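Read the structure below first, then the notes.
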Protein chains: 2
Amino acid sequence: MLTNILDKLVSGSAETRELDPHQFLFRQGDRAHYVFAVEDGHVKLTRYLSNGKSVVMLVARAGETFTEAALFSGLYHCSAVADVKSRVRAYKKKDILEALKSDPSLALEYAARLSRQVQRLRTQLELRNIQSAGERMLQFFLLEAHPDSLEFKVDVPLKDIAALLGLAHETFYRELARLESEGVITRQEATIKIERTGGI
Amino acid sequence: MLTNILDKLVSGSAETRELDPHQFLFRQGDRAHYVFAVEDGHVKLTRYLSNGKSVVMLVARAGETFTEAALFSGLYHCSAVADVKSRVRAYKKKDILEALKSDPSLALEYAARLSRQVQRLRTQLELRNIQSAGERMLQFFLLEAHPDSLEFKVDVPLKDIAALLGLAHETFYRELARLESEGVITRQEATIKIERTGGI
DNA sequence: CGAGTCGTTGAACGGAATCAATCGTCGTGG
DNA sequence: CCACGACGATTGATTCCGTTCAACGACTCG
């Protein structure tokens, strides 16, 4: 059974929700009353722009929490959709805030989590400054891969990774093929292994 | 006198540092012992990639704090350089942690700050998913501008804004000129006013 | 007065987006 | 059980636009 920090905070009052594929958990602009954790499946957080285009902000997988940032803001700034059949736990914001208020060490731990999230986001942002699609992908794999084995297990559609990196999926596939053909990475099944990190 | 949340936390133990232009406050990889707030001038946070390129992560201006995320991590992940002659206050990490531990409401407020930072970063990231340089710039201005007047005061070099948006400065200037010539924005001095937000 | 940097414009190139088509797989329902 | 539709994965061709290289004026600061 996967546990997360939210269980530690509010063990009791959380509720479990089942989501069918493409079912919305909440929509951009909804009042935010809950923080969530994925128990099974994965949930895609998408933000819609004024020009009608959409942006995948995050794909939350089993064991991960999301909308933590909404704890202190009134509205959800993105929409959450279950990619596949999924199960999430919903924790009431006010229960969490209560718990944080009463236990300073928990509050601190929570701040630490947010802090790490800030760093992850910064890293993501940094990736976007790499112009070359191939290089950006490689750096991403390096970040995501196990530091020792340099292997990276792909458990979401490659399409979504492409979107996460801000690349057209065609470009992503193409560069993936090129990286493989040049021996920079190897692929078998859902695992990508980085062979060389140096200059492409 | 500008105050910030850090003063509230640790009024006493902070020290003030004067920085000359181009002087490093700390370097990427240094052990992180301090969290900073800009009192005067501005400090540029830059991250260096393995391929030698660099990325501007943030330009912290007077009144803003930075390296808050380093509170819970051992090393600075970027380098900080004063753009111009600047003055910063340095707060000891352990003092802050102490204060947060002793006062849960402060810890909560701090978490709220981090939380807002997460959202700002997400917004930044979202901006990068806009392909068109002009559209990306416009959305950025909309975010930064005063909601009512739709005016945006430029107080850092345009070059830096270009870098922040992940654009070559040439492109930035060009698109800025185009947006102005098409009447989407108007510029006088250091103020950009958005005239039309709709389709370019 | 020169060095340095910002702001600006021009021209050319390259690479990623885009449009388009195909294949395989999975699930669903008739 | 098979046909169909949906979607992921893949490759090809073309277009477009942002980067890059280059040059120049304006301004500040030492």
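These figures come from a predicted structure and were not determined experimentally. Each chain gets a letter, A, B and so on, in the order the sequences are listed, and its residues count up from 1.
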Exercise. On a plain distance test, is the side chain of B/R174 in donor-acceptor contact with the base of C/dG10 below 3.5 Å?
Worked result: yes
Problem set entry | B/L45 CG to B/S79 OG distance, which is reported to the nearest 0.5 Å | 9.0 Å
Exercise. Between C/dT5 atom C1' and B/K44 atom NZ, what is the distance in whole Å?
Worked result: 11 Å
For this session: May I ask you to check whether A/F36 and A/F26 place their ring centers less than 6.0 Å from one another?
Result: yes
For this session: With B/R17 as the cation and B/Y34 as the aromatic partner, state whether NZ or CZ is under 6.0 Å from the six-membered ring centre and within 45° of the axis.
Result: yes
For this session: Specify the separation, in whole Å, of atom CD of B/E175 and atom C1' of D/dG18.
Result: 9 Å
Problem set entry | d(OH, A/Y173; C1', C/dA17) in whole Å | 15 Å
For this session: Classify the side-chain pair B/E195/B/T186 by whether it contains a donor and acceptor separated by less than 3.5 Å.
Result: yes
Exercise. Where each residue is assigned the nucleotide of DNA chain C containing its nearest heavy atom, which of B/H22 and B/E170 is assigned the position nearer the 5′ end?
Worked result: B/H22
Exercise. Which heavy atom of B/A32 sits nearest a heavy atom of B/S73, and at what distance?
Worked result: CB-O, 3.9 Å
Exercise. Which nucleotide, C/dT8, C/dA17, D/dT10, lies nearest any side-chain atom of A/H169?
Worked result: D/dT10
Exercise. What's the CD-P distance between B/E135 and C/dA17, to the nearest Å?
Worked result: 17 Å
For this session: Just compare D/dG8, C/dG7, D/dT11 and give me whichever is closest to any side-chain atom of A/P157.
Result: D/dG8
Exercise. CD1 of A/I130 versus P of C/dG15: gap in Å, rounded?
Worked result: 16 Å
Exercise. Rounded to the Å, how far apart are A/I161 CD1 and D/dG8 P?
Worked result: 13 Å
Exercise. Looking only at side-chain N and O atoms, does A/R178 come under 4.0 Å of OP1 or OP2 in D/dT11?
Worked result: no
For this session: Check every atom of D/dT10, D/dT19, C/dT18 against the side chain of A/A168 and return the nucleotide holding the closest atom.
Result: C/dT18
For this session: Can you tell me the distance, in whole Å, between the CD atom of B/Q131 and the P atom of C/dG15?
Result: 16 Å
For this session: May I have the distance from B/K159 (atom NZ) to D/dA26 (atom C1'), rounded to whole angstrom?
Result: 15 Å
